Enquirer: 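Before I ask anything, here is the structure I am working with.
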Amino acid sequence: MSGKMVAILESGGTKMVAALSRGPGEIIAHKKIPTTTPEETIHRLVEFFEREQSAHGKAEALAIGTFGPADLEVGSATYGFITSTPKIGWSQTDLLGPLRKAIADVPVVFETDVNAALFGEVSWGAAKGFRHAAYFTVGTGIGGSLIVDDSLVHGSGHPEMGHMRVTKHLDDDFSGVCSFHGDCLEGLACGPAIEKRWGRKAEELPADHPAWELQAYYLAQACVNVLTIAPVEKIILGGGVMHQEQLLAMVRQKVSQLVNGYLRLPNTEDLIVLPALGDHAGLLGCVALGQEKTSMEL
Ligand code: ADP
Ligand code: ZN
């Protein structure tokens, strides 16, 4: 059965993906737009939504999953803005406002890209049917998202699990790449950290390189930290770095070691998994968020 049609936007630092959709397999219109200046990019998005709505009918909700940092706090003066990003020209940009005008009078959802991806996985993917779940995307940075009791955990900004503290390995003398913290999780384990530590791009390091033991050591700590604060039943690990096929099993094994029997957990093969929706997690998450919002406002 078709769900309500939602205008969705996955907003990334290099490209925007906009679509109208009713759910998995029901992308009605779809367009990729490079992220250039805010003026040009937003103008093209507005044009897309106006044109496609005249062809396919009016969307019943608007949902955006965006790169950040962004203001997600409903009621804040800058709600829907990209805030202090280093991305040139985008600092203090109102992303939601112009799109909301183009798709007038519908409920809106403004979320981080990782929150949208986790919501997609909980709705239709690897964490379907679970009420508590977490997601880490390990790529250019490390983003995190947490759902407890079916709800995304929000602070006044977005959750910043990617910057949690981790214990450095005794053999690791790398000082980290995070411009705020140096050796936080992102600083030690994002793709650029791997590249800087070993002098080669992460995708060029062979599967038996010591980089991956160390990477698993840090990602396992991130998983264990989440497990000790929230009753998550699925931890999804995505992003470019997780394309290393050997890494998932190494993380699972280190999680078991670190937990050391203390927490009652499902076996780590069920607990720690790759995303099931692949590249579509963010877009589908936006559809699910938009549909949930319309049903709440009935
Ligand atoms: P982004 O985080 O920019 O959205 P990605 O999730 O693709 O994009 O992450 C990009 C990072 O992932 C880069 O640092 C790159 O070196 C790393 N990466 C991409 N493919 C692989 C791979 N097969 N193995 C290890 N690292 C990879
Ligand atoms: Zn940091």
Side-chain angles (χ1 to χ4, degrees), residues 9-17 32-35 64-70 82 84-88 90 111-118 120-121 135-145 155 157-168 172 174-219 221-222 225-226 236-251 274-283 285-286:
L9 172 64
E10 199 177 18
S11 148
T14 49
K15 67 173 190 301
M16 302 274 169
V17 185
K32 280 188 193 162
I33 294 171
T35 307
I64 299 174
T66 186
F67 72 102
I82 305 290
S84 56
T85 176
K87 181 150 177 72
I88 294 159
W90 281 83
E111 273 297 350
T112 63
D113 42 8
V114 198
N115 280 353
L118 177 55
E121 291 289 344
Y135 194 118
F136 286 101
T137 170
V138 190
T140 307
I142 297 187
S145 173
H158 51 122
E160 287 296 1
M161 301 200 301
H163 294 261
M164 68 169 70
R165 306 305 314 190
V166 287
T167 303
K168 254 177 100 167
D172 187 12
F174 181 58
S175 55
V177 297
C178 175
S179 55
F180 291 91
H181 317 113
D183 57 1
C184 64
L185 174 67
E186 175 173 299
L188 291 171
C190 65
I194 301 171
E195 182 174 345
K196 195 158 179 207
R197 185 192 281 109
W198 302 102
R200 273 163 84 185
K201 281 195 180 307
E203 52 270 50
E204 290 167 7
L205 296 172
D208 59 356
H209 194 280
W212 304 119
E213 280 291 331
L214 194 60
Q215 185 69 11
Y217 173 75
Y218 292 128
L219 294 180
Q221 288 190 57
N225 289 344
V226 170
I236 300 166
L237 299 179
V241 173
M242 291 310 299
H243 290 154
Q244 290 289 321
E245 285 174 12
Q246 73 287 4
L247 190 53
L248 183 68
M250 294 163 86
V251 175
L274 298 175
L277 303 176
D279 290 347
H280 300 294
L283 281 180
C286 287

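Just so you know, these numbers use all the heavy atoms, side chains as well, and skip hydrogens, waters and symmetry mates. Just so you know, ligand 1 is whichever comes first in the structure, and atom 1 is the first atom listed for that ligand. Not measured: the values here are computed from a predicted model.
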Enquirer: Is there side-chain contact between Arg165 and Asn225, with heavy atoms separated by less than 4.5 Å?
Expert: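 Not in contact.
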
Enquirer: Using atom types as modelled and distance alone, determine if a side-chain donor or acceptor of Glu186 lies under 3.5 Å from a backbone N or O of Ile142.
Expert: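 The answer is yes, because a donor-acceptor pair under 3.5 Å joins these two groups.
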
Enquirer: Is Lys196 atom NZ crowded by more than 12 heavy atoms from other residues, nucleotides or ligands, each under 6.0 Å away?
Expert: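 At most 12 heavy atoms, drawn from other residues, nucleotides or ligands, come within 6.0 Å of this atom.
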
Enquirer: Are any non-hydrogen side-chain atoms of Tyr217 and Thr167 less than 4.5 angstrom apart?
Expert: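 Yes, side chains in contact.
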
Enquirer: So which protein N/O/S atoms does the Zn ion (ligand 2) have within less than 2.8 Å?
Expert: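 Short answer, with waters excluded from the count: His163 ND1, Cys178 SG, His181 ND1, Cys184 SG.
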
Enquirer: Taking all non-hydrogen atoms of both residues, which atom of Trp212 and which atom of Val241 are closest, and how far apart?
Expert: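 Trp212 and Val241 have their closest heavy atoms at CZ3-CG1, 4.0 Å.
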
Enquirer: Can a donor-acceptor pair be found, under 3.5 Å and without considering hydrogens, that links the side chain of Thr35 to the backbone of Gly12?
Expert: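 The answer is yes, because a donor-acceptor pair under 3.5 Å joins these two groups.
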
Enquirer: Write out each pair where an N or O from ligand 1 and one from the protein are under 3.5 Å apart, with the distance.
Expert:
unit_1: ligand 1; atom_1: 2 (O); unit_2: Thr140; atom_2: N; d: 2.9
unit_1: ligand 1; atom_1: 2 (O); unit_2: Thr140; atom_2: OG1; d: 3.3
unit_1: ligand 1; atom_1: 3 (O); unit_2: Thr140; atom_2: OG1; d: 2.6
unit_1: ligand 1; atom_1: 6 (O); unit_2: Gly240; atom_2: N; d: 2.8
unit_1: ligand 1; atom_1: 16 (O); unit_2: Glu203; atom_2: OE1; d: 2.6
unit_1: ligand 1; atom_1: 24 (N); unit_2: Gln244; atom_2: NE2; d: 2.9

Enquirer: Using only atom types and a distance under 3.5 Å, with no angle test, would you say the side chain of Glu111 pairs donor to acceptor with the backbone of Cys286?
Expert: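 Not a single qualifying donor-acceptor pair exists.
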
Enquirer: Can you tell me how far CD of Gln215 sits from CG of Leu188, rounded to the nearest 0.5 angstrom?
Expert: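 With rounding to 0.5 Å, CG (Leu188) is 9.5 Å from CD (Gln215).
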
Enquirer: Counting only heavy atoms not in Glu245, do more than 12 fall under 6.0 Å of its CD?
Expert: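 Not buried by this count: 12 neighbours or fewer within 6.0 Å.
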
